[in-house]
There are 2 protein chains.
Amino acid sequence: MDGSASSPTGQSPWMPFESRRRARDEKREAVLRTAVALFLDQGYHGTTLNHVAERLNITKPALYNYFRSKDEILYECWAIGAERVDERIDEIAAAGGTGLQKLRKLIIGYAEMMTTDYGKSLVRFDVRDLTEHNRKIVRLAKKNIDRAFRDYIGQGIRDGSIRPCDVKLSAFAIAGALNWIGHWYMPNGALEAEAIAGEFAIRLTEGLAVKSTRKKAGKPPVGKCKSRGVSR
Amino acid sequence: MDGSASSPTGQSPWMPFESRRRARDEKREAVLRTAVALFLDQGYHGTTLNHVAERLNITKPALYNYFRSKDEILYECWAIGAERVDERIDEIAAAGGTGLQKLRKLIIGYAEMMTTDYGKSLVRFDVRDLTEHNRKIVRLAKKNIDRAFRDYIGQGIRDGSIRPCDVKLSAFAIAGALNWIGHWYMPNGALEAEAIAGEFAIRLTEGLAVKSTRKKAGKPPVGKCKSRGVSR
DNA sequence: TTCGTATATTACCCATCGGTAATAAAAAGT
DNA sequence: ACTTTTTATTACCGATGGGTAATATACGAA
């Protein structure tokens with residue numbers, strides 16, 4: 001709230017040796033932001049708690065004021081991503097529409113998530129690094145996400161907006177293509193997050209949709225979205 | 001060759017306390033088979049060399065007769081998978097055909113690889129666990145695989161078998177869907193490897209192909225391949 | 001000031017695990 | 001039989017890194 005440290009992006013609330021009075025939650029979040037970035041960059045096992053602490057201008061034991069263990073930090077990073085995905089699914093479910101419309105919204109929302117750190121953590125962190133308890137929660141949440149894809153595809157088949165196909169495999173294929181974004185996407189790269197999401201929504205569904213959204217006029221169909229200056 | 005130990009799958013050539021006279025290469029391979037299975041099952045960092053040795057009825061230092069380090073074992077597992085993929089790519093390139101035909105062959109071959117241990121290692125192992133030297137080799141090989149996808153798509157667009165699209169993103173989408181198989185496929189599960197490969201070849205290209213391979217006759221198009229008894 | 005609480009630091013513990021040294025026991029060569 | 005080479009074993013080292021104990025410092029309240 002105060003402007004003592006006005007650095008651009010996700011900075012440490014602990015200033016080198018002065019006013020370190022921030023709300024507890026802000027600090028917790030700062031730990032998670034730093035941790036998730038390092039985990040993604042160096043890998044979970046390649047990141048020590050000293051690294052995390054150092055980047056925050058504190059020492060390792062200070063982290064234990066906010067988290068009980070390293071794997072708890074990992075889990076909470078993961079949980080934030082899951083929570084955000086769930087929110088999007090809820091919004092989509094509430095908005096209504098055909099199965100295909102919902103599926104496209106889910107593809108766009110999920111693809112955009114995959115370009116964020118917390119989104120990436122959903123697919124790049126290894127569940128085996130979690131405690132048995134947290135692992136169960138993670139698996140359950142993943143199952144729910146998978147079910148959303150299957151539900152929308154199944155619904156689309158029933159309402160006629162999606163052509164009959166193997167629901168399970170189609171959901172796997174789409175989710176796989178999207179999850180993989182979390183492995184290759186780099187911010188400030190050639191591709192914009194929204195452009196990717198839009199293109200994927202078209203590309204992944206045109207094989208499923210009964211009729212293309214594009215008018216079957218003159219030239220062959222091409223994705224509609226905004227700036228798409230790739231390939232030639 | 002001899003039948004002293006005729007166990008079904010990838011067994012240890014080191015028998016508990018008796019005739020341990022096998023060729024060196026066979027033992028090397030046995031180490032890799034065991035290692036890759038354990039790495040996939042428990043994770044690289046969750047697997048100790050003692051685990052690997054124990055399962056082979058030997059002790060840890062014996063492994064160092066065949067490999068210089070743990071990460072060398074990881075790398076060699078990876079290299080076997082890469083080699084097999086490259087072979088398939090070479091076969092496909094040699095066989096000729098339209099871009100779409102080549103792409104479908106690549107999808108099928110790559111999908112089948114993703115259902116094997118060495119194939120999974122291509123996408124589930126973390127390159128950061130390798131030495132700088134090996135990491136470069138891995139990255140280069142991955143680039144080559146990606147290039148094959150892009151080449152076939154680009155070629156298909158040029159020869160008219162694939163509709164114009166963003167080559168880069170389409171390749172990412174297809175490769176992502178396929179790579180993800182390495183994360184969810186379980187042998188002896190409900191899905192057969194060949195069935196998955198065939199379905200993916202259809203599902204991932206029907207959005208790209210100018211005209212469906214299926215005759216647009218009576219009932220809606222459904223994958224052609226062999227036994228495909230999933231969904232209803 | 002003084003107490004209580006929250007938060008940070010320094011110093012340390014210790015289990016794990018990759019890797020090595022010294023050596024024993026087979027296999028292979030002569 | 002004998003030496004040599006290969007391959008295995010037992011015993012150990014040493015770095016790494018998660019986690020803890022004891023303690024110091026800052027903050028809010030009275």
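Order of the sequence lines sets the chain letters (A, B, ...), proteins ahead of strands, with each chain counted from 1. This one's a predicted model, so the numbers in the text were calculated from it and none came from an experiment.
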Atom-pair distance ([atom1] on [X]; [atom2] on [N]), nearest Å:
| X | N | atom1 | atom2 | answer |
| --- | --- | --- | --- | --- |
| Tyr64(A) | dC13(C) | OH | P | 17 Å |
| Leu38(A) | dG18(D) | CG | P | 12 Å |
| Arg24(A) | dG28(D) | CZ | P | 16 Å |
| Ile58(B) | dA26(C) | CD1 | P | 16 Å |
| Asp25(B) | dT6(D) | CG | P | 15 Å |
| Asn57(A) | dT9(C) | CG | P | 9 Å |
| Asn50(B) | dC12(D) | CG | P | 16 Å |
| Leu63(A) | dA6(C) | CG | C1' | 16 Å |

Short side-chain N/O contact from [X] to OP1 or OP2 of [N], under 4.0 Å:
| X | N | value |
| --- | --- | --- |
| Tyr44(B) | dG18(C) | no |
| Lys27(B) | dA8(D) | yes |
| Tyr66(B) | dA8(D) | yes |
| Asn65(A) | dA6(C) | no |

Stepwise ring pair (Phe, Tyr, Trp, His ring centres under 6.0 Å) check, Phe172(A) with Trp184(B): CA-CA 9 Å; Phe172(A) 274 151; Trp184(B) 57 260; 4.1 Å; yes

Answer with yes or no whether the side chains of [Y] and [X] bring together a donor and an acceptor at under 3.5 Å.
| X | Y | value |
| --- | --- | --- |
| Tyr110(B) | Asn179(B) | yes |
| Asp129(A) | His45(A) | yes |
| Thr34(B) | Arg55(B) | no |

Output the single nucleotide from [options] whose closest atom is nearest the side chain of [X].
| X | options | value |
| --- | --- | --- |
| Lys70(A) | dC17(C), dG19(D), dA8(D) | dG19(D) |
| Pro61(A) | dA8(D), dT10(C), dT7(C) | dT10(C) |
| Thr59(A) | dT9(C), dT7(C), dA8(D) | dT9(C) |

Row check, Tyr44(B) ring normal vs Lys70(B) NZ/CZ: under 6.0 Å, within 45°: yes

Side chain Lys60(A) and base dG17(D) donor-acceptor under 3.5 Å: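 By the distance-only test, no, there is no pair.
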
